[in-house]
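One structure is given here, and the rest of the page talks about it.
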2 protein chains.
Amino acid sequence: MSQRRERDGRRVGGRVTIYDVARAAGVSSGTVSRVLNGGTASTGAREAVERAVTVTGYVPHQQARRLAGARTDAVAFLHCVSSERLFDDPNVNGLLLACHNALAEHDLLMVTPIGADGPAEIVMRRLAAQIFDPILLFGASAGSPLVADLVDRQMPVVACGVPLGHERHVSYVATDDRDGARQIVAYLRSRGRRRIATIAGPMQLPGGVQRLAGYQDAIGGDFDPALVTHGDYTYASGAAATARLLRQAPDLDAIFVASDMMAAGALATLQPAGRRVPDEVAVVGYDDAPIATSTQPQLTTVRIPWQRYPGQLTRHLWHRMDGDDPSGIIMPVELIIRGSA
Amino acid sequence: MSQRRERDGRRVGGRVTIYDVARAAGVSSGTVSRVLNGGTASTGAREAVERAVTVTGYVPHQQARRLAGARTDAVAFLHCVSSERLFDDPNVNGLLLACHNALAEHDLLMVTPIGADGPAEIVMRRLAAQIFDPILLFGASAGSPLVADLVDRQMPVVACGVPLGHERHVSYVATDDRDGARQIVAYLRSRGRRRIATIAGPMQLPGGVQRLAGYQDAIGGDFDPALVTHGDYTYASGAAATARLLRQAPDLDAIFVASDMMAAGALATLQPAGRRVPDEVAVVGYDDAPIATSTQPQLTTVRIPWQRYPGQLTRHLWHRMDGDDPSGIIMPVELIIRGSA
DNA sequence: TTGTAGGCGTTATCAC
DNA sequence: GTGATAACGCCTACAA
């Protein structure tokens with residue numbers, strides 16, 4: 001089975017090592033390594049090695065490189081959102097693709113443990129963290145043991161969104177959700193709304209806390225706990241939260257919903273309840289998700305600059321891998337006015 | 001930066017090795033390794049090691065394990081189809097998810113280089129093949145250098161579909177497309193069709209050749225080159241191929257199209273051309289893709305038993321990893337009768 | 001049952 | 001500029 005036959009001058013089965021190359025090139029393994037890793041070497045040696053590499057069909061053994069302290073050529077994209085969302089949300093799967101391409105330009109291969117949802121976090125922790133060095137993190141929630149673990153291991157990780165509780169130890173690329181929320185409230189005020197309610201997202205997610213914080217910033221003295229409720233970003237939770245709001249504060253004339261999906265749920269509850277949108281109640285969503293344009297009326301919402309993520313993500317990752325300290329960037333968002341408010 | 005402070009009794013930054021565990025447990029590293037890998041050890045040693053593992057927070061270093069000849073705990077899912085299809089085709093992304101889950105039961109983590117389309121095959125070859133041992137292959141075409149390379153390296157790979165040209169060296173799980181095509185032709189005959197044309201798929205893909213072969217089997221002596229044309233599985237190619245067919249063999253009264261997507265294209269060409277479906281021309285697709293039920297009329301097609309793939313795939317992979325010789329299974333398909341034929 | 005030691009393929013640190 | 005050689009962390013004969 002492990003016979004080492006020759007064919008076309010190259011080994012068949014059984015690895016070609018750096019020693020084979022060294023022998024073929026008539027130099028030492030050290031020289032080969034130097035040539036391959038851009039170290040110093042004479043032109044003669046360089047050429048001999050390059051020739052030998054081609055002729056032997058040598059491919060470096062990543063595991064061994066890694067063990068010897070060098071870098072892996074692969075980065076993992078760890079997502080803590082459900083795999084369904086990975087497939088269904090064009091923003092997310094577009095991001096995935098774009099990241100791959102951006103990384104490929106640095107000769108890095110991006111892989112992702114698809115299907116590894118919440119419970120499987122254990123698996124990811126146990127394995128992914130070992131196989132890859134650099135990590136792109138998506139949708140990690142506050143206090144997630146995954147993040148703590150990664151930080152402990154001092155791995156170069158870059159997160160999408162502010163990594164709550166690890167702001168100083170993890171690089172991140174985020175959007176200014178707090179300002180987005182402020183803009184929304186200001187816009188609603190400018191349209192004459194006075195009793196502005198909100199359906200906030202989960203407080204474990206950065207978006208959840210930032211959007212609520214922005215709402216509070218802008219509402220200021222008018223703040224009324226009865227106008228605040230929570231959902232978990234799903235359609236159903238949006239509908240339920242709206243029903244609650246209608247009970248707690250029947251006089252509301254606007255709702256800022258922390259996600260378009262929940263906002264769609266809100267519309268579905270508002271209209272049967274006899275509240276016309278936007279005439280009686282203005283509704284504003286968040287994300288500019290596909291559903292935003294297929295509701296009736298279409299949702300006024302906030303657009304996240306997804307197209308800027310891949311570039312920023314790879315930039316920060318690159319820096320981290322170069323040993324720089326963690327850094328972060330917060331990008332501005334854009335208000336999209338449509339029919340619902 | 002690489003200071004090794006203590007915290008909660010565990011190291012912070014700087015790896016916990018098997019030696020640390022050994023020291024903590026008061027045994028040798030060999031014993032630790034044996035305990036961890038299910039070797040023989042006394043109950044006392046076993047307990048001490050297990051305690052030490054928890055207390056030190058030890059996590060095996062996969063790279064080192066691998067280098068030392070042990071197995072990786074991760075399997076790569078390599079797909080040679082476009083990433084769009086990965087996201088858009090529920091059959092495919094369902095397969096991805098299901099494979100992940102099936103593998104997870106064996107404590108294997110499945111990862112996939114998403115976004116690595118055709119041109120990036122080089123990257124995958126250079127890297128993925130080094131990082132992972134076992135490989136799940138999806139959509140690889142005949143003569144693909146990727147496959148040849150994997151075979152050369154004697155890696156345990158299991159393919160979805162017969163790996164054309166490597167049938168003996170690669171395990172596979174496939175469906176009986178040849179029989180599916182035969183069934184279709186037989187069905188069309190039974191409905192009185194006499195001039196049965198076909199739009200075949202690419203001859204580099206196993207499905208392409210098998211479905212055409214089955215068509216020829218069943219057509220037998222009635223074979224007429226004018227009734228055969230090719231497409232590349234896309235909607236547009238189906239439409240174009242149909243136009244060609246209509247020119248070459250205006251008297252056709254049925255078309256067996258090798259994919260539902262192409263069949264949809266066929267319908268779109270047939271109807272404006274004044275050929276009523278199914279009255280004047282019967283159309284049969286293949287795949288039972290989502291589009292099959294959203295055409296007018298809905299497509300009669302062949303259903304591939306996707307739900308059986310994950311189990312079979314992992315079973316064969318498991319065997320391969322155990323050193324068994326490559327093996328394959330061909331599963332039966334099911335004819336789904338709808339309005340188009 | 002257990003400890004010891006050699007080796008897996010690289011990289012990096014030395015002398016030369 | 002180049003060649004030895006010591007890690008890297010683990011597994012596995014082999015010996016005890």
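Every chain is numbered from 1 and lettered A, B, ... according to where its sequence line falls, protein lines coming before strand lines. Keep in mind that what you see is a predicted model, and the values were worked out from it rather than measured.
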Can you figure out which of [options] approaches the side chain of [X] most closely?
X       : options              : value
B:Ser42 : D:dG1, C:dT10, C:dT1 : C:dT1
B:Thr17 : C:dG3, D:dT2, D:dG9  : D:dG9
B:Ala41 : C:dT2, D:dG1, D:dC10 : C:dT2

Could you list all the ring-ring contact (aromatic ring centres under 6.0 Å, His included) pairs where at least one residue sits in residues 309-331 of chain B, not counting sequence neighbours?
B:His106-B:Trp318, B:Trp306-B:Tyr309
Protein-nucleotide distance ([X], atom [atom1]; [N], atom [atom2]), rounded to Å:
X       : N      : atom1 : atom2 : result
A:Asp20 : C:dC8  : CG    : P     : 12 Å
B:Leu67 : C:dG7  : CG    : C1'   : 9 Å
B:Gln63 : C:dT10 : CD    : P     : 14 Å
A:Arg66 : D:dC8  : CZ    : C1'   : 10 Å
A:Gln62 : D:dG9  : CD    : P     : 18 Å

Mind running side chain to side chain contact (heavy atoms under 4.5 Å, CB included) on B:Leu313 and B:Leu317 for me, showing each step along the way?
CA-CA 6 Å; B:Leu313 247 16; B:Leu317 193 60; over 6 Å; no
B:Gln204 (side chain) donor-acceptor with B:Pro202 (main chain) under 3.5 angstrom
no
So what does the secondary structure string of DNA chain C come out as, 5' to 3', with Watson-Crick or wobble pairs under 3.5 angstrom, [ ] for crossing and | for pairs with another strand?
||||||||||||||||
Are the side chains of [Y] and [X] in contact, using a 4.5 Å heavy-atom criterion?
X        : Y        : value
B:Phe77  : B:Val111 : no
B:Leu95  : B:Cys160 : yes
B:Pro134 : B:Arg320 : no
B:Leu136 : B:Leu103 : yes
A:Pro113 : A:Leu78  : yes

How does each nucleotide of nucleotides 11-16 of chain D score, in 5' to 3' order, for protein heavy atoms under 4.0 Å: base (B), sugar-phosphate only (S), or none (-)?
SBB---
Compare every heavy atom of A:Ile18 with every heavy atom of A:Ser29, then report the nearest pair and how far apart it is.
O-CD1, 3.8 Å
